[in-house]
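Here the structure is laid out as structure tokens; the discussion comes afterwards.
Please read these numbers as outputs of a predicted model, since none were measured by experiment. Whatever order the structure lists them in is the order used to number ligands and atoms, beginning at 1.
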Amino acid sequence: MTATPDLPFLVAGGGIGGLAAACALARKGFPVRLFEQAPEFKELGAGIQLGPNIFRAIERIGLKADLLRDAWVPPGLEMRDALTGEEITAIALGEPFLKRFGQPYAVTHRADIHGVYLDACQGNNLVTLENNRKVEDFTDHGNAVSVRLDDGEDVRGRALIGCDGVWSRIRGKIIGDGAPRVSGHIAYRAVLKRADVPDDLWRADVVLWAGPKTHFVHYPLRRGALYNLVAVFHSDRYVEGWNTEGDPEELWKRFRGQRPEVLRLLERIETWRMWVLCDREPVKNWSQGRVTLLGDAAHPMLQYLAQGACMASEDAVCLAEKVAATPEDLPGAFKRYEQQRYLRTGRVQIMARVYGEFYHASGVAAELRYQALHGRAREQSYESMAWLYDGM
Ligand SMILES: Cc1cc2nc3c(=O)[nH]c(=O)nc-3n(C[C@H](O)[C@H](O)[C@H](O)COP(=O)(O)OP(=O)(O)OC[C@H]3O[C@@H](n4cnc5c(N)ncnc54)[C@H](O)[C@@H]3O)c2cc1C
């Protein structure tokens, strides 16, 4: 069979994962064509936490400084009891954290991380970005792939990377595990201007208020100009949906009786956006011939470890390195990428569910949480996260 080194890599999806993949491949010298179904490249107005592992990964493609430019580096992470106000645990993120992990912990606006990858792609003439183009289907011809777009055009490439998110079509064909699992947890998100946050409620840290079947997180964004709020609760009202407007009635019902610091911040919000949180069981056979998956398409996870975008970025760097090592054997490179990634991403998928239970504990489980976390030495807290933050 004739090799096809002149054809571009095809990427389905222009979210954080797709753009990161396109950028990482182009930085290794490979041409890429990326198809995004939406009319423009855009991320939603909300915050995102970035563990040290993402910085270790993207340092390898030269984007760490860009990602930190508009980010906020909080001095600490804090968990408080949403009913009593008591501190459950606090983890310092300053010098000792930097020394231990060699990388910072930061928070940023989703549009900012997406924008870093988008700018890097737009500034690289090996990447072609195409909007309003939905990937409907693909065929692996053995020596090349082709994708069918929604306008009927067939496009050929040397390989296909499915970065089309939790409802991935490409995954449907490779793994075929049906619809994602609806967790029964809902997230309401909002971003306030700094001036709209009362001074006595503004905190430089990432603060998580843990309540029965709820939690509430807040932190500053964009070098402190904005304030991000995320309220999560258990609900059986919605089965599916993405970025629709939330219903404040239900929110108030779920957070009734919680600390005034929580309720006063919730009161500041006029419009919430709502996410129905979904994930999937971990799998490993996500590469088949010249087609592979990346990011949420490969391993969608609940957000309780704040790692979905971090894992997608790690995937992108790993994939580009495997491809660059054996460009003449893409099916082999994709398998080696999958082999290196699936246990790590599977562990995050599973542990994210466990953390969700932990945050939402009540009664004896909440007491046990307090006993396990309160008064831990700094080093103990760091070591408990080392499996995740030392990675990549
Ligand atoms: C409430 C919440 C909080 C989170 N917090 C964090 C956090 O703090 N830290 C963190 O690291 N992660 C976090 N995440 C996870 C993170 O947002 C996701 O894991 C990450 O955005 C996934 O990126 P992706 O590119 O794989 O998928 P997506 O962002 O879903 O992008 C997929 C893209 O593909 C496009 N597409 C889909 N189908 C097609 C098609 N057929 N053809 C062409 N284009 C297509 C879509 O339009 C979309 O642009 C959070 C998630 C949620 C819901």
Near-ring test His215/Tyr355, centroid separation under 6.0 angstrom
no
Salt-bridge present (Asp196, Arg268; N to O < 4.0 Å):
no
Atoms of ligand 1 close to Phe35 [distance to a heavy atom under 4.0 angstrom, numbered from 1]:
43 (C), 44 (N)
Any nitrogen or oxygen of Trp275, side chain or backbone, less than 3.5 Å from one on ligand 1?
no
Does Leu263 reach the side chain of Trp252, with side-chain heavy atoms less than 4.5 Å apart?
yes
Arg110 touching ligand 1 at heavy-atom level, < 4.0 angstrom
yes
Just which atoms of ligand 1 are under 4.0 Å from any heavy atom in Asp296?
18 (C), 19 (O), 22 (C), 26 (O)
Is there a polar contact, in the sense of an N or O pair closer than 3.5 Å, between Gly308 and ligand 1?
yes
Any N/O of Gly17 closer than 3.5 Å to an N/O of ligand 1?
yes
What are the atoms of ligand 1, with element, lying closer than 4.0 Å to any heavy atom of Cys163?
32 (C), 33 (C), 34 (O)
Would you mind checking if Glu338 and Lys284 are paired as a salt bridge, meaning a charged N to carboxylate O distance below 4.0 Å?
no
Within a strict 4.5 Å, meaning less than it, do heavy atoms of the Phe358 and Leu373 side chains meet?
yes
N/O to N/O below 3.5 Å, does that happen between Val135 and ligand 1?
yes
Look only at interatomic distance and state if Lys134 has a nitrogen or oxygen under 3.5 Å from any nitrogen or oxygen of ligand 1.
no
Subset of ligand 1 atoms that lie under 4.0 Å from at least one heavy atom of Ala306:
7 (C), 8 (O), 9 (N), 10 (C), 11 (O)
Salt bridge between Arg100 and Glu383, side-chain N to carboxylate O under 4.0 Å?
yes
Using a strict cut-off of 4.0 Å, indicate which atoms of ligand 1 neighbour a heavy atom of Gln307.
9 (N), 10 (C), 11 (O), 12 (N)
Take Tyr219 and Asn228 through the test side chain to side chain contact (heavy atoms under 4.5 Å, CB included) and record every step on the way to the result.
CA-CA 5 Å; Tyr219 49 82; Asn228 187 61; 3.1 Å; yes
Inspect the contact between Asp329 and Lys322 and indicate whether a charged nitrogen and a carboxylate oxygen are less than 4.0 angstrom apart.
no
Which atoms of ligand 1 sit under 4.0 Å from any heavy atom of Gln49?
7 (C), 8 (O), 9 (N), 10 (C), 11 (O)
Nearest heavy atom to atom 12 (N) of ligand 1: which of Gly165, Cys310, Ala297, Ala309 does it belong to?
Ala309
When you compare ligand 1 with Val230, is there at least one nitrogen or oxygen pair between them that comes in under 3.5 angstrom?
no
Tightest non-hydrogen contact, residues Arg27 and Ala120, listed as NH2-CB, 3.8 Å
Closest to atom 2 (C) of ligand 1 (heavy atoms only, candidates Arg189, Gln37, Lys42) is Arg189
Would you check if the side chain of Arg290 reaches a backbone N or O of Leu160 as a donor-acceptor pair within less than 3.5 Å?
no
Cation over ring face, Arg347 and Trp387, 6.0 Å, 45°:
yes
Does ligand 1 come near enough to Gln303 that some N or O of the ligand is less than 3.5 Å from an N or O of the residue?
no
Carefully, step by step, assess Glu261 and Arg80 under the rule side chain to side chain contact (heavy atoms under 4.5 Å, CB included).
CA-CA 11 Å; Glu261 296 92 322; Arg80 290 192 168 269; over 6 Å; no
Heavy-atom contacts with Gly295 under 4.0 Å: which atoms of ligand 1 show up? List them by number with element.
26 (O)
N/O of Arg169 under 3.5 Å from N/O of ligand 1, yes or no?
no
Per-atom contacts, ligand 1 versus Arg133 - under 4.0 Å to a heavy atom:
43 (C)
